[in-house]
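All ligand and atom numbering here is 1-based and tracks the order in the structure. Any value given below was found using the heavy atoms of this structure, including those in side chains, with hydrogens, waters and symmetry copies removed. The model shown is predicted, which means the values in this text are computed figures rather than measured ones.
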Amino acid sequence: MTTKTILITGASSGIGEAAARHLAQLGHRVALGARRLDRIQSIAEDIPLSGGKAIAIPLDVTSLADMRAFVAQAEAAFGEVDVLVNNAGVMPLAPMSDVRVDEWNRMIDVNLRGVLNGVAAVLPTMTERKSGHIINIGSVSSYRVDPTAGVYAATKFAVRAVTEGLRQESRHVRATMISPGLTRTELFDGIAEPGTRAFFKDMLENTSISSQAIAEAIAFAISQPADVDINELIVRPTTQG
Ligand code: NDP
């Protein structure tokens with residue numbers, strides 16, 4: 001198997017952390033980006049213990065300058081970027097009538113602008129090199145809208161549109177969207193509205209999968225030969241409606 005340099009945003013917990021650990025175990029070189037530097041540093045220190053290669057780089061995906069620095073530091077450590085996993089995301093769900101404008105803006109900034117910043121930081125080089133792979137983490141909310149999730153779904157529908165746009169325009173750079181269903185992570189701790197938070201905590205207890213399931217889907221997309229592009233994968237609990 002060819003080993004790759006893989007950059008993962010939002011690698012300090014949940015799906016990003018699981019992906020970093022799993023991909024490193026498969027022999028890839030992983031660069032972990034997130035705001036909680038202590039968390040990514042401790043994961044990056046763990047990875048070599050099982051033979052992997054990892055580096056932790058502070059990153060706020062809402063800043064294009066940060067994203068470019070993330071890519072530059074990862075390249076300096078491991079060489080050219082083969083894969084970028086745009087995974088960072090937030091999900092402060094609440095009824096629209098609460099008008100939590102700050103939360104709406106945060107979802108747009110992290111879930112959509114963050115993905116676009118990632119694309120902007122790697123696409124020119126990948127296009128010039130005629131190779132590379134951008135994996136965007138969508139959601140089942142990229143395909144349907146549920147109560148309390150209007151704005152979150154809007155950002156995840158947009159991620160789907162961006163991924164499809166990339167795919168259509170490129171004959172060399174691969175574009176993949178992987179869309180998790182309910183997955184046991186810290187994402188739900190960011191729900192401030194008490195009723196919505198209680199509803200999802202309850203759902204998670206009965207209907208959820210582990211981050212490892214999503215990490216394995218990411219690894220599957222990456223492992224394909226260069227002429228095969230997995231465009232979309234939805235990975236959800238068997239019990240999820
Ligand atoms: P977590 O809360 O565990 O992870 C989210 C990650 O995003 C953290 O590492 C966090 O790191 C990072 N992050 C948030 N804001 C920023 C920022 N401004 N800059 C850089 N990193 C940021 O949740 P998940 O693992 O569940 O979420 C990962 C992705 O999966 C998200 O895109 C989410 O929408 C998607 N998803 C998750 C589902 C689930 O059920 N869990 C279902 C569908 C999709 P830090 O705070 O350290 O910066």
*asked:* Starting from atom 33 (C) of ligand 1, what is the nearest protein heavy atom, named by residue and atom, and what distance separates them?
replied: Y152 OH, 3.7 Å
*asked:* Between ligand 1 and E17, can you find any atom pair, the residue atom being a heavy atom, that is separated by under 4.0 Å?
replied: no
*asked:* Once rounded to the nearest 0.5 Å, what's the spacing between atom OG1 of T155 and atom CG of D109?
replied: 11.0 Å
*Do R174 side-chain atoms and R171 backbone N/O form a donor-acceptor pair below 3.5 Å?*
no
*Using non-hydrogen atoms of the residue, decide whether G181 is closer than 4.0 angstrom to ligand 1.*
yes
*Is it the side chain, the backbone, both or neither of A11 that has a heavy atom closer than 4.0 Å to ligand 1?*
backbone
*Specify side chain, backbone, both or neither for M91, according to which of its non-hydrogen atoms lie closer than 4.0 Å to ligand 1.*
neither
*atom 44 (C) of ligand 1: the protein heavy-atom neighbour that sits closest, reported with distance to 0.1 Å*: G138 O, 3.2 Å
_Atoms of ligand 1, numbered as shown, that sit under 4.0 Å from any heavy atom of L59_ = 19 (N), 20 (C)
*Go through ligand 1 atom by atom and flag the ones less than 4.0 Å from a non-hydrogen atom of I137.*
29 (C), 30 (O), 35 (C)
_Shortest protein heavy-atom distance from atom 28 (C) of ligand 1, along with the residue and atom involved_ = N87 OD1, 3.1 Å
*asked:* With no hydrogens and no angle check, just 3.5 Å: does a side-chain donor-acceptor pair link E45 and Q41?
replied: no
*Just by distance, with hydrogens left out, do R160 and S142 show a side-chain donor and acceptor under 3.5 Å apart?*
no
*Name the option, out of T185, I234, T183, L32, that contains the heavy atom nearest to atom 26 (O) of ligand 1.*
T185
_Residue pair E216 / H22, side-chain donor-acceptor N/O under 3.5 Å_ = no
_Just verifying a value: how many Å separate I234 CD1 and M177 CE, rounded to the nearest 0.5 Å?_
7.0 Å
*Closest contact, heavy atoms only, A24 versus I47*: CB-CG2, 3.4 Å
_Pair R29-T3, side-chain donor/acceptor within less than 3.5 Å_ = yes
_Looking only at distances, can you tell me whether any N or O atom of I15, backbone or side chain, sits closer than 3.5 Å to an N or O atom of ligand 1?_
yes
*Against heavy atoms of L182, which atoms of ligand 1 measure under 4.0 Å?*
40 (O)
*Can you find an N or O of L187 that's nearer than 3.5 Å to an N or O of ligand 1?*
yes
_More than 12 heavy atoms from other groups under 6.0 Å of CD on E128_ = no
*asked:* Would V61 count as being in polar contact with ligand 1, using the rule that some N or O on each side must be under 3.5 angstrom apart?
replied: yes
_Nitrogen or oxygen atoms of S13 and ligand 1 under 3.5 Å apart_ = yes
*Within a radius of less than 6.0 Å around NZ of K130, do more than 12 heavy atoms belonging to other residues, nucleotides or ligands occur?*
no
*Under 3.5 Å, side chain of R197 to main-chain N/O of D189, donor-acceptor pair present?*
yes
_Checking the side chain of Q240 only, and the main-chain atoms of L182 only, is there a donor and an acceptor separated by less than 3.5 Å?_
yes
*Atoms of ligand 1 less than 4.0 Å from G89 heavy atoms?*
5 (C), 7 (O), 14 (C), 31 (C), 32 (O)
*For ligand 1, does I214 get within less than 4.0 Å through its side chain, its backbone, both, or neither, judged by non-hydrogen atoms?*
neither
_T5 side chain vs F78 backbone, donor-acceptor pair below 3.5 Å_ = yes
*How far is atom 18 (N) of ligand 1 from its nearest protein heavy atom, and which residue and atom name does that atom have?*
D60 OD1, 2.9 Å
*asked:* Are any of the N/O atoms on R36, whether in the backbone or the side chain, positioned under 3.5 angstrom from an N/O atom of ligand 1?
replied: yes
*asked:* Below a 4.0 angstrom heavy-atom separation, can you tell me which part of F70, side chain or backbone, both or neither, approaches ligand 1?
replied: neither
*Candidates L187, I214, I178 - the one meeting side chain to side chain contact (heavy atoms under 4.5 Å, CB included) with I15*: I214
*Can you find an N/O atom of G16 closer than 3.5 Å to an N/O atom of ligand 1?*
no
*Would you give the length of the straight line joining atom CG of D146 to atom OH of Y152, rounded to the nearest 0.5 angstrom?*
11.0 Å
*Would you find a donor on one side and an acceptor on the other, under 3.5 Å apart, between the side chain of T127 and the backbone of L123?*
yes
*Between A88, S63, P180, which one has a non-hydrogen atom sitting closest to atom 13 (N) of ligand 1?*
A88
*Between R184, M107, R35, M203, which one has a non-hydrogen atom sitting closest to atom 48 (O) of ligand 1?*
R35
*Applying a strict 4.0 Å limit to heavy atoms, is S211 in contact with ligand 1?*
no
*Below 4.0 angstrom from a heavy atom of G14, which ligand 1 atoms are there? Numbered from 1 as shown, please.*
3 (O), 25 (O)
*Looking at V110, which atoms of ligand 1 are within less than 4.0 Å of one of its heavy atoms?*
15 (N), 18 (N)
_If you take the nearest heavy atom of each of G10, S12, S141, which one is closest to atom 11 (O) of ligand 1?_
S12
